[in-house]
Amino acid sequence: MTTNRVLDVRGLHVSFRTQDGVVQAVRGVDLHVLRGETLGIVGESGSGKSVTQMAIMGLLPDTAEIRADAIHLDGNDLLAHDAEALRKLRGSHMSMIFQDPMTSLNPFLTLGTQIAEMLRLHRGLRGRALREAVVHALAEVQIPKPALRAEQYPHEFSGGMRQRAMIAMMLAGRPKLLIADEPTTALDVTVQAQILELLAVLQRERGTSIVLITHDLGVVAGSAQRVAVMYSGRVVEEATTEALFAHPSHPYTRGLLASIPRLDHDEGALQPIPGSPPDLEALPAGCPFRPRCSHAVPRCSEEEPALRSLPGHEAGHRAACWVDLDALSVSAVGESRAQP
Ligand SMILES: Nc1ncnc2c1ncn2[C@@H]1O[C@H](COP(=O)(O)OP(=O)(O)OP(=O)(O)O)[C@@H](O)[C@H]1O
Ligand SMILES: [Mg+2]
């Protein structure tokens, strides 16, 4: 088995039944997370980043239909377990943090009580050991006066401190995998940097793997070792962060990188990607990015490209595009377009 992978997902599909029809939110996602790494997931709003992770966590409502070829969590085949066993497996191996800590924190219980509950559940601590572990958990996320803070309620914390408290709670069970969905988006830049640094430190100390969902490519550059770029329910490019920034391959990724504001350009140089993402209830035939793509060839309207390795790129760099943009830029356009 591929034991260096803490999470390995193949062919994940998620659709929602709604009043207007079926929304195909996730359409065949392959994704893996290596031990101890941070995988960044980027993509426009609605591209399926959250739904993908919520499906893996088992947090989607009943209106979601989930199919997958394989989901392995720390070597366990999630598809082979019943609901109760699944809940236990997930609970002990992974946890998720959100943009708004109040989605996870109970406003009516002190932080100490909530962290204690996690420690009891996942690590079987009791009595004095439990009380000490609560204070230790808060100290670990650099909350000052942790013993005092343990007695306080969530509303007594600032936004950044509340986010730290949630991280403490979610890491209390020592999960192998932490899924962080836009954990810093609502925070100001300084606090955001502190939280990201905290996650990096905890990761180094414990070897926790992290999936970091973000709109912010700057966050990816600073925090993730690998990146998956999502577009309309699929992963369209996957690479190490270094390779993605140095040699982006998919036209959508190139567009995302070109649209980052830069200090050395004036605002006129910003290049937002023209158009908007497709309607997930009525996807176009072929590649969903085609209507916005300036490199499209006839095949792009007929067949949706699968994620495939890129010759001449670093191993593991994959993209879902029929057009070889690297070849386009170095050789005659007509020749390279003929290749599938
Ligand atoms: N419970 C639901 N019922 C119906 N459709 C849903 C539901 N949850 C999500 N969707 C749809 O699934 C698609 C993917 O949503 P998702 O939340 O994964 O996007 P996202 O990439 O996380 O976007 P954002 O960056 O805005 O958080 C969207 O079109 C969304 O409207
Ligand atoms: Mg989301």
Side-chain angles (χ1 to χ4, degrees), residues 7 9 11-31 33 38-68 71 94-104 163 166 170 177-187 192 195-196 199 210-220 223-224 226-238 244 250 252-253 255-257 259-260 272-273 275-284 287-289 291-292 304 307 320:
L7 180 72
V9 178
L12 177 69
H13 290 259
V14 182
S15 53
F16 294 98
R17 292 181 304 274
T18 68
Q19 285 181 331
D20 306 323
V22 175
V23 177
Q24 293 183 288
V26 175
R27 305 178 302 112
V29 159
D30 291 348
L31 205 64
V33 184
T38 294
L39 172 72
I41 300 195
V42 293
E44 277 165 317
S45 187
S47 56
K49 304 180 298 294
S50 296
V51 169
T52 298
Q53 303 308 322
M54 306 260 282
I56 297 165
M57 285 291 298
L59 292 177
L60 289 175
D62 289 344
T63 52
E65 191 200 322
I66 303 169
R67 283 186 293 124
I71 304 180
M94 57 187 184
S95 55
M96 188 158 180
I97 58 177
F98 299 92
Q99 181 173 331
D100 177 6
M102 291 315 288
T103 50
S104 315
Q163 198 62 301
M166 179 171 67
M170 290 311 175
L177 178 66
L178 178 72
I179 296 173
D181 192 347
E182 307 266 4
T184 60
T185 307
L187 304 171
Q192 175 171 343
I195 298 283
L196 291 170
L199 284 175
I210 297 177
V211 173
L212 181 63
I213 301 176
T214 174
H215 277 100
D216 188 337
L217 280 165
V219 167
V220 165
S223 301
R226 279 194 315 121
V227 192
V229 180
M230 288 193 69
Y231 189 78
S232 70
R234 288 199 139 189
V235 174
V236 295
E237 185 157 3
E238 175 190 69
L244 192 97
H250 196 284
Y252 175 63
T253 313
L256 276 184
L257 290 173
S259 65
I260 303 180
I273 305 172
S276 51
D279 181 356
L280 295 175
E281 287 161 57
L283 283 166
C287 174
F289 189 61
R292 300 170 77 183
E304 184 161 8
L307 206 55

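Start at 1 and go down the list; that is how both ligands and their atoms are numbered.
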Enquirer: Would you say P61 has any N or O atom under 3.5 Å from an N or O of ligand 1, going by distance alone?
Expert: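 Among all N and O atoms of P61, none is under 3.5 Å from an N or O of ligand 1.
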
Enquirer: Among all protein non-hydrogen atoms, which one is nearest to atom 29 (O) of ligand 1, and what is the separation to 0.1 Å?
Expert: L280 CD1, 3.2 Å

Enquirer: Starting from atom 14 (C) of ligand 1, which protein heavy atom do you reach first, and at what distance in Å?
Expert: G46 O, 3.5 Å

Enquirer: Would one find an N or O of S45, backbone or side chain, under 3.5 Å from an N or O of ligand 1?
Expert: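 Checking ligand 1 against S45, an N or O pair does fall under 3.5 Å apart.
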
Enquirer: Under 3.5 Å between some N or O of ligand 1 and some N or O of G48?
Expert: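 Yes - when backbone and side-chain N and O of G48 are compared with those of ligand 1, one distance drops under 3.5 Å.
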
Enquirer: Side chain or backbone of E44 under 4.0 Å from ligand 1, or both, or neither, by non-hydrogen atoms?
Expert: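 Contact part for E44 vs ligand 1: backbone (N, CA, C, O).
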
Enquirer: Main chain of M230, side chain of K49: is a donor-acceptor contact present, judged purely on distance under 3.5 Å?
Expert: no

Enquirer: Between V229 and L244, is the side-chain contact (heavy atoms from CB on, under 4.5 Å) condition met? List the steps.
Expert: CA-CA 10 Å; V229 180; L244 192 97; 4.1 Å; yes

Enquirer: Provide, to 0.1 Å, the distance between atom 10 (N) of ligand 1 and the closest protein heavy atom, together with that atom's residue and name.
Expert: F16 CE1, 3.6 Å

Enquirer: Any nitrogen or oxygen of T63 lying under 3.5 Å from a nitrogen or oxygen in ligand 1? Just yes or no.
Expert: no

Enquirer: Calculate, to the nearest 0.5 Å, the distance between atoms CG and OH belonging to L257 and Y252 respectively.
Expert: 10.5 Å

Enquirer: How close does the nearest protein non-hydrogen atom get to atom 25 (O) of ligand 1, and which residue and atom is it?
Expert: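 Heavy-atom neighbour on the protein nearest atom 25 (O) of ligand 1: K49 NZ, 2.7 Å.
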
Enquirer: Any idea which atoms of ligand 1 are less than 4.0 Å away from a heavy-atom of T18?
Expert: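 So the atoms of ligand 1 that pass are 4 (C).
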
Enquirer: Atoms of ligand 1 less than 4.0 Å from H215 heavy atoms?
Expert: 25 (O)

Enquirer: So, do R234 and L307 sit near enough that their side-chain heavy atoms are less than 4.5 Å apart?
Expert: no

Enquirer: Starting from atom 12 (O) of ligand 1, locate the nearest protein heavy atom and write down its residue, its atom name and how far away it is, to 0.1 Å.
Expert: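 Looking at atom 12 (O) of ligand 1, the protein heavy atom closest to it is A25 CB, 3.2 Å.
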
Enquirer: List the steps, then state whether side-chain contact (heavy atoms from CB on, under 4.5 Å) holds for L60 with V51.
Expert: CA-CA 8 Å; L60 289 175; V51 169; 4.1 Å; yes

Enquirer: Which protein heavy atom lies closest to atom 9 (C) of ligand 1, and at what distance to 0.1 Å?
Expert: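 Residue, atom and distance for the closest contact: V51 CG2, 3.5 Å.
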
Enquirer: Give the residue, atom name and distance (to 0.1 Å) of the protein heavy atom nearest atom 27 (O) of ligand 1.
Expert: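 Minimum-distance protein heavy atom for atom 27 (O) of ligand 1 reads S50 OG, 3.9 Å.
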
Enquirer: Apply side-chain contact (heavy atoms from CB on, under 4.5 Å) to residues T184 and Q163 and explain how you reach the verdict.
Expert: CA-CA 8 Å; T184 60; Q163 198 62 301; 5.8 Å; no

Enquirer: What are the two closest non-hydrogen atoms of I213 and Q53, and how far apart are they?
Expert: CD1-CG, 3.4 Å

Enquirer: Would you check, one step at a time, whether the test side-chain contact (heavy atoms from CB on, under 4.5 Å) holds for Q192 with D216?
Expert: CA-CA 11 Å; Q192 175 171 343; D216 188 337; 3.9 Å; yes

Enquirer: Kindly indicate whether atom 19 (O) of ligand 1 is approached by any protein heavy atom to under 4.0 angstrom.
Expert: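 Yes, because at least one protein heavy atom sits under 4.0 Å from atom 19 (O) of ligand 1.
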
Enquirer: Please report the shortest heavy-atom distance between L256 and L217, naming the atom on each side.
Expert: O-CD1, 3.7 Å

Enquirer: Give the ring-plane orientation class for F289 versus Y231, where under 30° counts as parallel, over 60° as perpendicular and anything between as tilted.
Expert: perpendicular

Enquirer: Is there an N/O/S atom in S50 that lies less than 2.8 Å from the Mg ion (ligand 2)?
Expert: yes

Enquirer: Counting only non-hydrogen atoms of the protein, does one fall under 4.0 Å from atom 7 (C) of ligand 1?
Expert: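 Protein heavy atoms within 4.0 Å of atom 7 (C) of ligand 1 - there is at least one.
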
Enquirer: Short list, please: which atoms of ligand 1 are under 4.0 Å from a heavy atom of S47?
Expert: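 So the atoms of ligand 1 that pass are 19 (O), 21 (O).
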
Enquirer: Do R27 and S232 come within less than 4.5 Å of each other through their side chains, counting heavy atoms only?
Expert: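 Touching, per the 4.5 Å side-chain cut-off.
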
